[in-house]
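The block underneath contains the structure these notes are about, expressed in structure tokens.
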Amino acid sequence: MRILLKKQGILPPLLAYIAINLLFITKYASRISNVLAIVACLVYSIVAFAAFAQIERKDIFQNKKGLLVSSLVAIALLIALQSSINPYELKIDRWSAIHHFIQSLFQGSYPYGAETHLHGYGSPFPVWQIFHVPFYLLGNVGLSFSVVTLLFIHSAYLQWGSKGGYLSLLLLIASPAYLYEMMTRSDMITNFLLVGSVVNYLVYFKITLKSHLIAIAILCGLTASTRLTAILPLFMLYFQEFTQVSWQRKISFLLIVVITFAVTFLPFWIWDANTLLYSDHGPFALQTSQIRDFDLIVFLVISVWLACKWKAKYVKLYAYTAVLLGFMVAYTFIFNMATRGDWSRLFGSTYDITYFNMALVFVIATLSALTANEKKIEREK
């Protein structure tokens with residue numbers, strides 16, 4: 001095991017994968033017993049390390065049909081598990097923020113004024129809300145996880161072959177963080193699995209600014225209109241190329257991004273601009289409530305630095321994207337805990353550890369890339 005981890009550089013992302021999942025194990029197992037939490041964390045860590053020691057030796061991961069069947073069976077079982085849980089009994093309202101938004105929209109009420117079943121308000125932007133309309137019509141907005149998970153596995157298969165697809169599937173279903181979001185119908189990891197899939201497809205099909213500037217700009221605007229942080233993986237992918245195009249194309253690109261983003265909000269601005277832009281429970285207020293102006297400067301500097309480091313080695317792109325997203329969450333949590341003096345509340349309701357799942361998606365992509373064929377993970381644009 002030591003030789004395998006050292007040879008392929010798996011240790012850092014594997015530790016990150018385990019650490020994120022241990023947060024969820026600790027938070028919920030400790031509610032039963034602190035001893036149980038410690039034992040569960042130790043067992044999970046040992047099993048994760050042992051599993052990675054064996055993955056490289058298994059030929060079964062080359063079976064393409066097996067990947068498809070395994071994925072469909074896993075999704076079917078997860079849907080059954082999710083459906084067995086009454087969402088109204090949960091103290092998590094990300095699902096109802098989407099459900100009640102769409103419900104209000106169909107009833108002719110202003111959707112950004114709709115309360116969740118816990119009397120909160122929804123922060124997702126319009127594109128992410130509209131994305132869930134088909135699932136709302138099916139009676140469960142949480143079903144979006146199934147389609148997006150399959151997309152992510154397919155994109156991993158294209159990128160890194162059957163082994164990459166299998167590993168992405170295994171890392172997801174072996175992740176308490178993923179299972180938690182799936183069971184509670186939370187949409188954070190679903191959002192970033194979709195973005196991760198898009199990045200995989202863009203890399204695989206070699207979609208560049210040089211040949212597809214307008215399409216990429218529109219895509220960036222639509223992606224930003226899910227969650228603001230969802231644009232960061234695309235920023236990481238295209239920033240280097242963006243610096244190399246002419247100023248005219250730079251300006252055109254940015255204008256198209258901004259216009260596309262603005263157009264998605266236009267109907268809601270015309271409907272009720274005050275609630276959309278100035279209300280304390282409007283989507284912009286909610287998505288930026290934990291961020292100070294100085295934080296934005298820090299995040300921008302870190303983003304540019306990391307975006308310039310991967311230099312067409314795509315395994316590094318995924319790794320640095322995970323670092324960026326994880327850093328942003330950790331930085332915000334640590335600063336707020338230091339300011340408020342509430343270090344003991346990490347596992348309470350004050351801090352939402354599901355934000356670490358933004359990074360988890362790209363940690364999984366990094367691990368999938370590292371265990372795939374080296375020619376694939378190191379190919380250049």
[atom1] of [X] to [atom2] of [Y]: how many Å apart, nearest 0.5 Å?
X	Y	atom1	atom2	answer
L370	W160	CG	CH2	9.5 Å
R31	T26	CZ	OG1	12.0 Å
F24	T354	CZ	OG1	5.5 Å
F205	Q159	CZ	CD	9.5 Å
F192	L194	CZ	CG	10.5 Å
C220	F242	SG	CZ	10.0 Å

Side chains of [X] and [Y]: does their closest heavy-atom pair fall under 4.5 Å?
X	Y	answer
E181	M188	yes
S279	N274	no
M358	V329	yes
Y238	F253	no
L172	T149	yes
L234	I216	no
L11	F49	yes

Under the 3.5 angstrom rule, does the side chain of [X] hit a backbone N or O of [Y] as a donor-acceptor pair?
X	Y	answer
Q82	T184	no
N357	I189	no
S96	H117	yes
S30	N34	no
R185	L143	no

Residues Y351 and N336: side-chain donor-acceptor under 3.5 angstrom: no
Would you say the side chains of Y112 and Q129 form a donor-acceptor pair under 3.5 Å? no
Please list every donor-acceptor pair under 3.5 Å in which a side-chain atom of residues 97-109 meets a protein atom from a residue at least two apart or in another chain.
| from | atom 1 | to | atom 2 | distance (Å) |
| --- | --- | --- | --- | --- |
| H100 | ND1 | E115 | O | 2.7 |
| S104 | OG | H100 | O | 2.9 |

Yes or no on ring-ring contact (aromatic ring centres under 6.0 Å, His included) for Y314 and Y318, after CA distance, side-chain angles and deciding distance? CA-CA 6 Å; Y314 290 99; Y318 297 106; 7.3 Å; no
Name the residue from Y121, Y278, F265, F268 that meets the ring-ring contact (aromatic ring centres under 6.0 Å, His included) definition with F284. F265
Any chain of hydrophobic side-chain contacts (each under 4.5 Å) joining L228 to L254? yes
Are F294 and L296 grouped together when hydrophobic residues (ILVMFWY) are joined by side-chain heavy atoms under 4.5 angstrom apart? yes
In a check of side chain to side chain contact (heavy atoms under 4.5 Å, CB included) between T190 and each of Y178, F145, F152, which one passes? F145
Does any pair with a residue in residues 221-240 pass salt bridge (charged side-chain N to carboxylate O under 4.0 Å, His left out), and if so which ones, sequence neighbours excluded? D187-R227
Pairing residues for R292 by the salt bridge (Lys or Arg N to Asp or Glu O under 4.0 Å) criterion, not counting sequence neighbours: D295
For D352, all residues meeting salt bridge (Lys or Arg N to Asp or Glu O under 4.0 Å), sequence neighbours excluded: R94
By side chain to side chain contact (heavy atoms under 4.5 Å, CB included) - contacts of I85 (at least two apart): L90, M183
Does [X] have more than 12 heavy atoms from other residues, nucleotides or ligands lying within 6.0 Å of its [atom1]?
X	atom1	value
W271	CH2	yes
W343	CH2	yes
I214	CD1	no
D280	CG	no

Taking the six-membered ring of W310, is NZ or CZ of K313 closer than 6.0 Å to its centre and within 45° of its axis? no
Within 45° of the ring axis of Y157 and under 6.0 Å from its six-membered ring centre, is that where the NZ or CZ of K64 lies? no
Return the orientation label for the Y331 and F327 ring planes: parallel under 30°, perpendicular over 60°, tilted otherwise. tilted
Taking transitive links into account, so neighbours of neighbours count too, which hydrophobic residues share a cluster with L300 at under 4.5 Å side-chain distance? F235, F239, V304
Report the C-alpha distance between F356 and F333 in whole Å, list the side-chain angles of each, state the deciding distance to 0.1 Å, and finish with yes or no for ring-ring contact (aromatic ring centres under 6.0 Å, His included). CA-CA 11 Å; F356 282 106; F333 280 16; 5.6 Å; yes
Test ring-ring contact (aromatic ring centres under 6.0 Å, His included) on W128 and F131; report intermediate values, then the result. CA-CA 5 Å; W128 193 236; F131 175 82; 5.0 Å; yes
Give the intermediate values and the outcome of ring-ring contact (aromatic ring centres under 6.0 Å, His included) for residues Y320 and F362. CA-CA 9 Å; Y320 292 155; F362 291 91; over 10 Å; no
When the aromatic ring centroids of Y28 and Y180 are compared, is their separation below 6.0 Å? yes
